[in-house]
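Below you'll find the structure, written out as structure tokens, and then a few comments.
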Amino acid sequence: MLDWYDAHARDLPWRVPPQSGENADPYRIWLSEIMLQQTTVVTVKAYFERFTARWPTVHALAAEEDAEVMGEWAGLGYYARARNLLKCARAVVAEHGGQFPQTEAQLLTLPGVGPYTAAAVASIAFQQPAAVMDGNIERVMARLFAVDDPLPGSKPALKEHATRLTPMARSGDHAQALMDLGATICTPKSPACGICPLMRACAARKAGIAAELPRKAPKKPKPTRQGYVYVARRADGAILLETRAEKGLLGGMLAFPTSDWSQTPTEAPPFAADWHDPGLEVRHTFTHFHLRLALRLAEATLDTSPQRGEFMPRALFKPSSLPTLMRKAYNLSETRDDSG
DNA sequence: AATCCGGGGAG
DNA sequence: CTCCCAGGATT
């Protein structure tokens, strides 16, 4: 596995080439691993470049305003990660003297750092012999050992296999090799078994069932919720926005006011006005439900005082700092700004 | 153990 | 459109 990695390791912005003699920067490893939770490498790259250009060290990140970090994270999803990212950076500065702790157990105590991230940082940044488990490695183990039981029940067995295979030396490179393998060869669909370095050892390939593994428990259908989203513009171009509550969906993110989201939502405009119905709808799918928000538009005057949110001056408003659902609403409101 | 958290790409 | 992918916190 390590020989294959030395020859085929992907060139990634947070990665130090194998055998280069350089040490990985724990801050960059940690940041990349948080971003890579439930998120693909291709999506993470641009965000990682922007974050590290703007905040090169954990000290710089820890000292930043919440709204700035949340805005930079916008579009990446799972916004609890961004909230915990800041909490973690501040904990590292305040409680660890600005140095990331080096053991799996210590890393596990940090906000937003779970079993995957703790093992990844410990092994990749600190050369500790930790067994990393992510979706890619689960898939590789399921095939290598032909584990036929469905996820998530088979997780403990897969973890045991991965632990046994983890070497004492270069465990970080070993983990990155398995993740690269899962991303490029041992893929979810149509795995390229013919060029796989584990071809001869793979039990699933011998049984001809590689593409069928890992088996998964059936997923439950997503319900549809509905509601209203309110986009208000003032004569001077300012736009009405609010910061959502810390907990819950899109927590801590900039957003347009909305009604509740349910089967039978009730209108809940942020201020009394002649709200116009342009007959447009924002559609978005979250992890566990579909959402349809009917667009409502209004012109505000300079003395309008909304019950929710604040008018943000046009010069300060960046659509890129909105989560995707709200960016869809903004784009929709822009498509018909010519007439009423 | 089950549920809550986005978003993007493939088909 | 409908899948499919991919960790951590909370309860």
Side-chain angles (χ1 to χ4, degrees), chain A residues 30-47 70 73-88 91 104 107-121 130-142 150-156 158-159 162 175 178-180 182-184 186-191 211-225 244-255 261 281-293 320-329 331:
Chain A
W30 162 75
L31 176 61
S32 69
E33 295 300 347
I34 300 295
M35 289 182 166
L36 287 164
Q37 290 167 9
Q38 307 295 102
T39 311
T40 58
V41 164
V42 58
T43 301
V44 163
K45 274 184 178 173
Y47 282 87
M70 299 308 286
W73 194 276
L76 199 50
Y78 286 112
Y79 298 100
R81 292 187 296 171
R83 284 178 265 132
N84 285 327
L85 186 82
L86 260 174
K87 283 184 197 165
C88 182
E104 225 179 326
L107 287 161
L108 267 177
T109 68
L110 296 170
V113 176
Y116 163 74
T117 307
V121 172
V132 177
M133 275 311 275
D134 78 333
N136 283 306
I137 299 180
E138 281 180 356
R139 183 170 59 256
V140 173
M141 293 302 128
L151 287 168
S154 58
K155 276 175 184 280
L158 298 173
K159 169 90 180 183
L178 288 176
M179 290 189 279
D180 278 14
T184 61
C186 196
T187 50
K189 289 167 289 188
S190 311
E212 301 169 29
L213 300 182
R215 303 197 194 283
K216 303 199 158 188
K219 56 287 173 194
K220 53 178 57 175
K222 292 179 180 182
T224 296
R225 299 184 197 172
R244 292 177 61 88
E246 280 290 305
K247 289 183 182 283
L249 206 77
L250 307 181
M253 297 302 290
L254 206 56
W261 305 347
E281 190 178 63
V282 181
R283 296 186 183 196
H284 192 73
T285 298
F286 290 102
T287 314
H288 51 297
F289 65 92
H290 304 288
L291 179 63
R292 301 155 75 115
L293 295 181
S320 66
S321 68
L322 296 173
T324 298
L325 165 67
M326 296 299 166
R327 200 142 70 229
K328 286 181 183 175
N331 290 341

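Reminder, nothing fancy here: chain letters follow the sequence lines and each chain counts from 1. Quantities reported herein were computed from a predicted structural model and do not represent experimental measurements.
- Distance from the side chain of A:Arg283 is smallest for C:dC1 among the nucleotides B:dG8, C:dC1, C:dG8.
- Atom pair A:Tyr79:OH and C:dT10:P shows a separation of 19 Å (rounding to whole Å applied).
- In this structure, A:Ile34 reaches neither bases nor backbone, as no heavy-atom distance under 4.0 Å exists between it and the strands shown.
- Across the protein-nucleic acid pair, A:Leu76 atom CG and B:dC5 atom P stand 18 Å apart, rounded to whole Å.
- When each of C:dC1, C:dG7, B:dG7 is scored by its nearest atom to the side-chain atoms of A:His284, the top-ranked nucleotide is B:dG7.
- For A:His288, no side-chain nitrogen or oxygen approaches OP1 or OP2 of B:dT3 to under 4.0 Å.
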**Asked** Given the rule in the side chain to side chain donor-acceptor pair (under 3.5 Å) test, do A:Ser154 and A:Arg215 qualify, once you have shown the distances and angles that lead to the verdict?
**Response** CA-CA 9 Å; A:Ser154 58; A:Arg215 303 197 194 283; over 6 Å; no
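- Between A:Val113 and A:Val121, every side-chain heavy-atom pair lies at or beyond the 4.5 Å cut-off.
- Close to B:dG7, at under 4.0 Å from its OP1 or OP2, lies no side-chain N or O of A:Thr285.
- With hydrogens and angles ignored, the 3.5 Å screen pairs a side-chain donor or acceptor of A:Arg81 with a backbone N or O of A:Met35.
- At the heavy-atom level, A:Pro152 lies nowhere under 4.0 Å from the strands shown.
- Taking atom P in both C:dC5 and B:dC5, one finds a spacing of 23 Å when rounded to whole Å.
- At whole-Å resolution of the value, CE in A:Met326 and P in B:dG7 are 10 Å apart.
- Nucleic acid contact for A:Lys220: sugar-phosphate only, since backbone atoms but no base atoms lie under 4.0 Å from a heavy atom of the residue.
- For the residue pair A:Asn136 / A:Arg139, a side-chain donor-acceptor distance below 3.5 Å is found, with atom types taken as modelled.
- Minimum atom distance to the side chain of A:His290 is reached by C:dT2, of the listed B:dG8, C:dA9, C:dT2.
- Within the 4.0 Å cut-off from OP1 or OP2 of C:dC5, at least one side-chain nitrogen or oxygen of A:Lys216 is found.
- Taking atom NZ of residue A:Lys155 and atom P of nucleotide C:dG7, one finds them 8 Å apart after rounding to whole Å.
- Distance alone, capped at 3.5 Å, places no donor-acceptor pair between the A:Arg244 side chain and the A:Leu254 backbone.
- C:dT10 atom P lies 12 Å from atom CD of A:Glu246, rounded to whole Å.
- For the pair A:Lys189 and B:dA10, the criterion of a side-chain N or O lying under 4.0 Å from OP1 or OP2 is not met.
- Considering only side-chain N and O atoms, A:Arg83 lies nowhere under 4.0 angstrom from the phosphate OP1 or OP2 of C:dA9.
- Side-chain N/O atoms of A:Tyr78 include none lying less than 4.0 angstrom from OP1 or OP2 on C:dA9.
- The side chain of A:Thr324 contributes an N or O atom lying less than 4.0 Å from OP1 or OP2 of B:dG7.
- A donor-acceptor contact under 3.5 angstrom links the side chains of A:His284 and A:Lys328, judged on distance only.
- As a whole-Å value, the separation of A:Leu249 CG from C:dA9 C1' is 15 Å.
- Using a distance-only test at 3.5 Å, with no hydrogens or angles considered, a donor-acceptor pair links the side chain of A:Thr184 to the main chain of A:Asp180.
- Here C:dT10 is the nucleotide among C:dC5, C:dG7, C:dT10 with the atom lying nearest to any side-chain atom of A:Lys247.
- At the heavy-atom level, A:Thr40 lies nowhere under 4.0 Å from the strands shown.
- Residue A:Val42 is out of contact with every strand shown, counting any heavy-atom pair closer than 4.0 Å.
- A:Gln38 comes within contact range of at least one nucleobase, with a heavy-atom separation under 4.0 Å.
- Here A:Arg327 lies out of heavy-atom contact (under 4.0 Å) with every strand.
- Note on A:Thr39: a base of the nucleic acid sits closer than 4.0 angstrom, heavy atoms only.
- Summarising the geometry, the separation between CZ on A:Phe286 and P on B:dG8 is reported as 12 Å, rounded to the nearest angstrom.
- With distances taken from any side-chain atom of A:Tyr116 to the nucleotides B:dG7, C:dA9, C:dG7, the minimum falls on C:dG7.
- The residue A:Gly248 sits close only to the backbone: its heavy atoms come under 4.0 Å of sugar-phosphate atoms, none of a base.
- Rounded to whole Å, the distance from CG on A:Asp134 to P on C:dG8 is 10 Å.
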